[in-house]
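This report refers to the structure that appears directly beneath it.
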Amino acid sequence: MKYNDNFNALGESYVFSKLNALVKKKRAQGETIIDLGVGDVRLPLFDVATEKMSTTSLDMAREDTFLGYPPAEGIPTLREKISERYKTEGASVDMDEIFISDGAKGEIGNVLELFGPKANALIVTPCYPAYAEANTLYGNNITFLPTSKENEFRPLPPYRGTFDIIYLCVPNNPTGVTLGKDELEEWVNYALNTGAVIIFDGAYSDFSTDGYPTSIYQIQGAKYCAIEIRSFSKSFGFTGIRCGYTVIPKTLGEYNRLWKRRLGCRFNGVSYITQKGAETFFSSEGQKQAIKRIKYYKTNAEILKIALKKAGFWFVNGNSSPYVFAKCPDNLSSEKFCEKLIDDYKIAATPGNAFGEGGEGYFRLSAFPKREDILAASDILENLKF
Ligand code: PLP
């Protein structure tokens, strides 16, 4: 049998598996563990989305309203709504530059098909592990760009080496750092000067506040050097429904045309039911509910930060993320500290090294759990003694 050797380079996702196994074991032993390691959302879907999905599903049972395959690039009404939304963000994106997907994670790797084998990718560390893993599976060359406490985890172009692909996650998972207009301008200019394509992962862009850019296309020149990937998962609770979108500008070389060609041979579209549900995000009720949901998670993050501050932890400051990224005390390694947190304090956090070497010595707390769990955890965290 023939196997893809790149799986050997990929290895096991051991940090996450180890953590999950430990939480499972503790719970099986009857211990109550507050799990702040989860990146999945906790609030249920809103009626505005579920009602639309229900009626669309019932339409499928009637001969006159039944629909078969959806268009591979997405239904026009949803693409139009996304295009309109970009206008309100101060960006101009035509509907035929927008492609509906089943979420951001797959697209992070799917776009690699545009570049061919052995592409050179620049990936910020710490960062969402899917970038490095997808590039490893494709056999690409990866260069990591470290960020650290010294530069407050704010990535700047390396001005050394040339890359085909640059992944930017804004706001970043796990650090929560969001980049300002000036910083994104530096990245766009760097990409334009070196011929790189930025893959802008805006999975958390709806969490951006204080006038920070929500789209790379708010930056002049970005439509000549950037692909943007966004998702309904975190701000609309669609982690289980699966819907997102990818923008490939027509001004970005041949990539828009190639992507359509790729869809023709690799994709049969996202279900009508899902896309109709996603459309409600753009209704006034959908927006009201999404804002409420984001506020809930961000308040959770603030509660956790207050507790960490009281206990004397250093953490990345910012108000644009459902995560809190903090330094382990006493120079403990990420895994040692997280083990201790579970063993002694019954709180599960994600070890920073799960997000790459740049995360070693840190841990991530998720603000997605329910408020009661956040409050219970913060009571414990603020009294941590190391
Ligand atoms: N991008 C980042 C930075 C994420 O943290 C996640 C999920 O945690 C995703 C993408 C995946 O999003 P989706 O649910 O749309 O696949």
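In listed order, ligands and their atoms are each counted from 1. If you're wondering where the values come from, they're calculated on a predicted model, not measured in any experiment.
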Matching residue for Thr178 among Ser320, Ser205, Pro213 - test: side-chain contact (heavy atoms from CB on, under 4.5 Å): Ser320

field: Residue pair Lys26 / Ile342: nearest heavy atoms and the distance that separates them
entry: CE-CG2, 3.7 Å

task: Indicate, as side chain, backbone, both or neither, the part of Ser233 found under 4.0 angstrom from ligand 1 when only non-hydrogen atoms are considered.
output: side chain

- prompt: Do we get Arg79 above Phe99's six-membered ring, with its NZ or CZ under 6.0 Å from the centre and within 45° of the axis?
  reply: yes

- prompt: Considering only heavy atoms, does Phe355 approach ligand 1 within less than 4.0 Å through its side chain, its backbone, both, or neither?
  reply: neither

task: Return the residue, atom name and 0.1 Å-rounded distance of the protein heavy atom closest to atom 16 (O) of ligand 1.
output: Arg242 NH2, 2.7 Å

- request: Examine Ile306 and Val316 and state if one hydrophobic cluster contains both, with Ile, Leu, Val, Met, Phe, Trp and Tyr joined whenever side-chain heavy atoms are less than 4.5 Å apart.
  value: no

message: Using a 4.0 Å cutoff against the non-hydrogen atoms of Ala203, which atoms of ligand 1 qualify?
response: 1 (N), 2 (C), 10 (C)

message: Please confirm whether Asp201 approaches ligand 1 to less than 4.0 Å, judged on its heavy atoms.
response: yes

message: On a heavy-atom basis, which atom in Val48 and which in Phe236 lie closest, and how many Å separate them?
response: CG1-CZ, 4.5 Å

message: What I want to check is whether the side chains of Gln275 and Glu279 have a donor and an acceptor closer together than 3.5 Å.
response: no

task: Starting from atom 12 (O) of ligand 1, find the nearest protein heavy-atom neighbour and note its residue, name and distance.
output: Ala104 CB, 3.7 Å

query: Just going by heavy-atom distances, which of Phe232, Phe238, Tyr128 is nearest to atom 6 (C) of ligand 1?
result: Tyr128

- line: Within 4.0 Å of some non-hydrogen atom of Cys169, the atoms of ligand 1 are 3 (C)

task: Tell me, please: is Lys234 in heavy-atom contact with ligand 1, that is, under 4.0 Å?
output: yes

